[in-house]
Every structure is written in C-alpha cells, then in structure tokens.
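A short worksheet on the structure shown next.
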Number of protein chains: 2
Amino acid sequence: MEYRNEISYAAIRRLPKYYRHLCNLRKAGIRQISSKELSFEIGVTSSQVRNDFAYFGGEGLPGIGYNVDLLKNKINEFLKSDNTLNMIIIGAGYLGHALAANKNLEKKGFKVIGIFDPYDQFTGREIKGIEIMKMDCLPLFIKRQHVDIAAITILSAHADEIIKDMISLGVKGIWNFSPVEVKNTDKVMIENSHLDDSLMVLGYNLKNK
Amino acid sequence: MEYRNEISYAAIRRLPKYYRHLCNLRKAGIRQISSKELSFEIGVTSSQVRNDFAYFGGEGLPGIGYNVDLLKNKINEFLKSDNTLNMIIIGAGYLGHALAANKNLEKKGFKVIGIFDPYDQFTGREIKGIEIMKMDCLPLFIKRQHVDIAAITILSAHADEIIKDMISLGVKGIWNFSPVEVKNTDKVMIENSHLDDSLMVLGYNLKNK
DNA sequence: TAGATTGTTAATCGATTAACAATC
DNA sequence: TAGATTGTTAATCGATTAACAATC
C-alpha cells in the first residue's frame, strides 16, 4: 500500500500543526510520544491523532508510542516539503516585509524570489537582499523565472485586479491576505489568510463566553 | 424569538467572510442580493447561505433576496462589533507593525492601545502614534488600562513564556501568530493564526492537483 | 508477564445539501 | 398571474469519537 485510504481534507489541514509541534518537541529533546500525550498538548483527541497518522503510516509501536523524528519526516514527505516552491510577494508594506523576512517559510520549502509593489515609492529598496520591483516588471519576470505562488499583501479592494492579473499571467497558487474573496478554479489554487476574520471570531468568543 | 436555535461553530467562522463580502458589495453600490448570487460569489451553496442567515434572522424576501445593508447590520449586531475591544501588540517587528497599521481592525471594533517589544532596540519609537514600550512596563500598563486581547507577533518558541505571562496578567484573549501551540482554557480564549500552516496546505494542494 | 498503547472498525455526532411549500 | 427566491425540514454526507483485539 501507499496510503491507507484517501486522506480527509480536515486531516490535511491538521498536518502542519502536528509538524510544527513535533519540531518543538524535537528541539526540547523529546524523542518519543504517545497519541495520548500529543493529543493533550495540542488539544485534540488521541483517537484523532491515531487516525490522522494512520493515513501516512505513522509507524507507532503499541505500548510505546511514536518516534518524533520518524513522524516528523513522514509528514514532511507526505507534504512534499523538500520540493521547494518559488514565491513572489505583491506589496512591500509591513505585511510584505513580514513575509519576506520570515525564515520559517524557506525552511518549509517556500523561496521568495521577488517582491513587487504597485507604488513607486519602494522601488529599488531591498528586503533581505531581494530588490523591490515595479509591477510593470512582473510579466517579464514571470516569463524568465518560474513562479509557483503569489502572496497578495495589498490590503485594499484594489487587490481584485492584481489577483486577476496574476491568474492571467499563469500563477498557479495565490496566498491571499487581501479583503477580496477569491475562489479556487481549475486554473488556480487559493489559500485565504483573512487575518481580521480570525480576530472577529476571537472577539465573538470573548463577548459570548 | 431571539435566535432560531444555537448557531453552529462552523457558521460563526463564516460570518466575518459574509460581512466582508457584503461590505464589498455595498461599496460597489449593490443593495439587493439573492442567496444564489451570493453563494456563487463566495464559493458556498445557496442552501448554506440561507441556513446561516436564518440563525440571526436574515429577513430575506421570497422572490427578491436580501437587503445588503440590513444583512450587514444584522451580522455586525450578532458579532457585537460595535462593542470595541482593547488590544495590545507584543512584538514590534514587521508583523507587529502590519497589525498596528491596519485600519480595518479599528473599523471592526479592535483598538490598539499599546505595543510592547522584548528587545530594547525599538523602545521609544512609535507606530501610528503609539509608543513602543518595554515588556517590563506591561504589568503596570495592564493594571491601569483594560486590555482584552494580546496579539503575539513574536515568531519564536520564546513566545511560550510571553503567552504564559499574558495569561497570568489576566488577559482574556490571545491572537497568536507564534509557532507555539496554545489551547483554550477557562481562563483564556485563543485564536491561532499560524500563517505558514495555511501556506503549507496551499503547497500540498499545488503539488497534488 | 502485566501494563500501555497502537491501528482499525463501528457508532456517533455534526454539518451540509436537497427539496419544497410558502410567499414576494 | 407567473417567476423567483425564501425559510425550514428531512436526507445525506463526512468527520470525530469510542471501543477493543493485537502487540510492544
């Protein structure tokens, strides 16, 4: 067998969380962990942990638990994180800077190869050794270099146009921080990170506890 | 009746998305919309839209649809967004700057009243007129001002300690961008925004399409 | 061996969708 | 009136949990 059966969407969204926590355990020198301990630490049930891990062959030992390193590698392999993807950042504001400066992204297989801003004020400046370019340069840039993902950090409705441009330029993945709603199509995969949506849920929970 | 029956957790997480889209429609001058159109635009089913709206009395008209303004206000009211919450930002790096500079947060009922950084290099500088303070100042600050939410923008495992401090200082809500796993307890409500988790899911989807 | 913990299946739970009478 | 669309219920789907034989 390769994988037990089709992994659920919900389980896939949990994998990065497991991975992150396993990295933390690794750093703390913990080499072995049971589904019960792990589930307690990250706030799910142990059943769920075992079920999720069974998808990619967690290789736990009855009576013992899981080997942290092995599990970490299995998830890494499953997510194909060693297969690096090239990313450009659209928008050189604070959020664009934050993404460009985040070393974790490269560790997890995402390489920032360009930063573009619609306003000229930033042109020529650098973030982490990567020059900020004008949007006009983008079509040629994409022709010359392979771009997998565009991170949209333009926080206005204006992002609408820019996202359409990205898609027509052939970018296959959009990491969208703008307030615009975008849907998956057969041409493009979207991952929305609407930061204030998550804050609003927190607000609701605080007000209704 | 106040609300039809207990709203589901999944539906609550969709409300900010509806709200955001209704704001966009409003700006575009659209005053009326059917569940079918709306569902198409944001990528859900029309059944789900009608079911979700029924929770807070969407007041749609058969044959016509929903009034955009009315619906927007209903969601706003349901989420109690006019009831402002005070937020502090921990970490004055690019991400901290991005949150402090984001005008949408205030519009949605979150007011940044302080910024703190564990490193002295930023002390005394300002973001949007708010002075960056040392972490040492935090206990007194919290004694004097009411703090509802701490946004943790320290992107290292070191955030662990800081989050514990926040909780012991009595902060009731944590908006967590750090790689540390934190769980809700009866003392504190957590909302995690693990940015690279969402990017990893995008990577997975791109590689397996 | 005794105790702990796995992998897996069946039972449960919750969320989504389909369908349609009511009504603008 | 005819057409469109709602609100709501029942049916379906998918995800989570409980349980336990197998096994370290």
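No hydrogens, no waters, no symmetry mates; every other heavy atom, side chains included, goes into these values. Everything numeric here is computed off the predicted structure, so don't read it as measured data.
Aromatic pair A/Y55/A/F78: ring centres not closer than 6.0 Å.
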(request) Quick one, give me the B/S/- string for nucleotides 11-20 of chain D, reading 5' to 3', where B means a protein heavy atom under 4.0 Å from the base and S means that only happens at the primed atoms, P, OP1 or OP2. (result) ----SSBBB-

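Between the C1' atom of D/dT5 and the CD atom of B/E59 lies a distance of 16 Å, rounded to the nearest Å. Taking atom CD of A/Q32 as the reference point, atom P of C/dA4 lies 16 Å away to the nearest angstrom. In this structure, B/F53 atom CZ and D/dT5 atom C1' are separated by 14 Å, rounded to whole Å. Rounded to whole Å, the distance from CD1 on B/I7 to P on D/dT8 is 14 Å. Spacing between atom CZ of B/F56 and atom P of D/dT8 amounts to 13 Å, rounded to whole angstrom units.
No donor-acceptor pair under 3.5 Å is formed between the side chain of B/D52 and the backbone N or O of B/A11. Between the side chain of A/T153 and the backbone N or O of A/G91 there is at least one donor-acceptor pair closer than 3.5 Å.
Contacts between residues 197-209 of chain B and DNA chain C, counted as heavy-atom distances below 4.0 Å, involve no residue at all.
Within the nucleic acid shown, B/S46 has no heavy atom closer than 4.0 Å to any nucleic acid atom. Heavy atoms of A/Y66 sit under 4.0 angstrom from primed sugar atoms or phosphate atoms, though from no base atom.
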What N/O pairs connect the protein and nucleotides 22-24 of chain C at under 3.5 Å? Give each pair on its own line.
unit_1 : atom_1 : unit_2 : atom_2 : d
C/dC24 : O4'    : B/P62  : O      : 3.4
C/dC24 : O2     : B/P62  : O      : 3.3

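Between A/K17 and B/D197, none of the side-chain N atoms (NZ, or NE/NH1/NH2) sits under 4.0 Å from a carboxylate O, so this pair counts as no salt bridge.
Between B/F177 and the choices B/I90, B/L95, B/N192, the side-chain contact (heavy atoms from CB on, under 4.5 Å) rule is met once, by B/L95.
At least one cation-pi condition fails for B/K209 and B/Y204: the charged atom is not both under 6.0 angstrom from the six-membered ring centre and inside a 45 degree cone around its axis.
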